[in-house]
Trainee: 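Next up is a structure, given as structure tokens.
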Amino acid sequence: MDGRPADDSRRPGIDGATELFGILGNPVAHSLSPAIYNLFFQAAGENRVYVPLQTEPAELDTVFEALKKLRFVGFNVTSPFKHAVTRHLDRLEGVAAELGCVNTISREGETWIGHNTDGEGLAGFLESLPEIELSKRDVVLLGAGNAARAIFRALLARRPGSLTVVNRSRAKFEEPFFRRHSGEPGVGYVGLDGGESEEPIARSNLVVNATSYGLGGRQELAAPPFPGLGRLAPGTVVVDTNYSPGRQTALLQRLPAGVRAYDGRGMLLHLAGEAYRIWTGHRPDLGAAARLLGVP
Ligand code: NDP
């Protein structure tokens with residue numbers, strides 16, 4: 001016995017062969033990603049480590065070049081670099097190419113590739129819940145920004161009963177992304193500033209919030225959007241992509257009794273699992289990270 005806890009036995013420790021991963025953003029001190037990925041590596045007994053990479057916007061180019069020289073194998077990208085970092089990449093894959101927005105970067109030799117795992121993260125979380133059968137769900141997706149678009153693509157690929165996107169402003173639906181998908185069966189758009197009815201929200205049996213409502217402070221909270229949420233039937237599932245450690249998000253606090261509510265920790269866990277699969281070629285054991293995050 002060397003006094004180490006039993007679960008340390010599979011941790012190889014850091015040495016000259018350790019492969020480097022991280023999260024590039026500003027701020028990143030609050031990020032749960034280092035804890036999540038290091039648990040994935042530990043569960044698989046892999047000689048890999050994941051670190052926070054706090055970066056000033058003016059230094060993005062220098063930092064990216066340094067990550068290349070330091071032979072990072074892959075990294076995640078968060079605000080404010082999800083668009084800006086694409087100028088350093090040789091190729092964007094899948095929905096990342098359609099959105100021009102990445103959250104995961106992988107390397108093949110000297111080729112740097114951008115991916116976006118947000119949509120697969122949300123969809124993967126839904127699929128992990130026993131009660132969800134997407135073909136029987138009338139889904140309302142709140143928001144029309146980057147996260148919403150990635151989620152829209154992932155949900156559409158799984159053929160829900162219907163998929164209605166509700167956004168505060170209608171103008172986003174005039175952009176090429178939404179115009180391209182407007183004719184697809186079951187797809188609808190509701191822009192609230194155009195005076196359109198919120199009824200699809202109240203009638204929905206699965207709501208995904210991909211707006212940043214709640215991050216804007218007291219003034220924003222005083223005028224809550226989407227009153228239709230107050231009429232959701234018991235048993236409806238609501239997933240908020242946002243999360244705030246130790247408390248319920250502003251949106252989830254406003255739901256009627258009997259609604260089954262989940263915050264964004266499940267999406268975060270599953271999008272990390274997808275990034276890990278891209279880097280390593282196999283799926284991680286989510287167990288320890290799910291327990292850390294409190295994800296069912
Ligand atoms: P964007 O800035 O691209 O889009 C923001 C969206 O939120 C827009 O549709 C905007 O509407 C809407 N919005 C903002 N404020 C309000 C409000 N007060 N009332 C109603 N609608 C509002 O942001 P992203 O798409 O990049 O991110 C959206 C959220 O997704 C973030 O809060 C982020 O934390 C979360 N997210 C969570 C992840 C996770 O792992 N759990 C991963 C990625 C994102 P409009 O067009 O009218 O301005």
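One-based numbering, in listed order, for ligands and for the atoms of each. Position 1 is the first residue of the sequence; numbering continues from there.
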Trainee: Would you mind checking if K68 and E110 are paired as a salt bridge, meaning a charged N to carboxylate O distance below 4.0 Å?
Mentor: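 Salt bridge between E110 and K68, a charged N being under 4.0 Å from a carboxylate O: no.
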Trainee: Tell me whether N242 contacts the main-chain N or O of T211 through its side chain, where contact means a donor paired with an acceptor under 3.5 Å.
Mentor: yes
Trainee: According to side-chain hydrogen bond (donor to acceptor under 3.5 Å, both in side chains), does anything in residues 190-199 pair up with another residue at least two apart or in another chain? List the pairs.
Mentor: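 Applying side-chain hydrogen bond (donor to acceptor under 3.5 Å, both in side chains) to every pair that reaches into residues 190-199, excluding sequence neighbours, yields R170-E196, E199-R231.
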Trainee: Nearest 0.5 Å, what's the CG-CG distance between L60 and L24?
Mentor: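 That separation rounds to 6.0 Å.
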Trainee: Could you tell me whether E175 and R149 make a salt bridge, using a distance below 4.0 angstrom between a side-chain N and a carboxylate O?
Mentor: yes
Trainee: Without swapping roles, check the side chain of T117 against the backbone of E120 for a donor-acceptor pair under 3.5 Å.
Mentor: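 Side chain of T117 to backbone of E120, a donor-acceptor pair under 3.5 Å: no, none is there.
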Trainee: Quick one: table the atom pairs, ligand 1 N or O against protein N or O, below 3.5 Å, distance rounded to 0.1 Å.
Mentor:
from     : atom 1 : to   : atom 2 : distance (Å)
ligand 1 : 3 (O)  : N146 : N      : 3.1
ligand 1 : 7 (O)  : S212 : N      : 3.2
ligand 1 : 9 (O)  : A144 : N      : 2.9
ligand 1 : 9 (O)  : N167 : OD1    : 2.8
ligand 1 : 11 (O) : N167 : OD1    : 3.3
ligand 1 : 18 (N) : E220 : OE2    : 2.7
ligand 1 : 25 (O) : N146 : N      : 3.1
ligand 1 : 25 (O) : A147 : N      : 2.8
ligand 1 : 30 (O) : T241 : OG1    : 3.2
ligand 1 : 32 (O) : N242 : OD1    : 2.4
ligand 1 : 34 (O) : N242 : OD1    : 3.1
ligand 1 : 41 (N) : T241 : O      : 2.8
ligand 1 : 41 (N) : G264 : O      : 3.1
ligand 1 : 46 (O) : N167 : ND2    : 2.8
ligand 1 : 46 (O) : S169 : OG     : 3.2
ligand 1 : 46 (O) : K172 : NZ     : 2.5
ligand 1 : 47 (O) : R168 : NE     : 3.0
ligand 1 : 47 (O) : S169 : N      : 3.3
ligand 1 : 47 (O) : S169 : OG     : 2.6
ligand 1 : 48 (O) : R168 : NH2    : 2.9

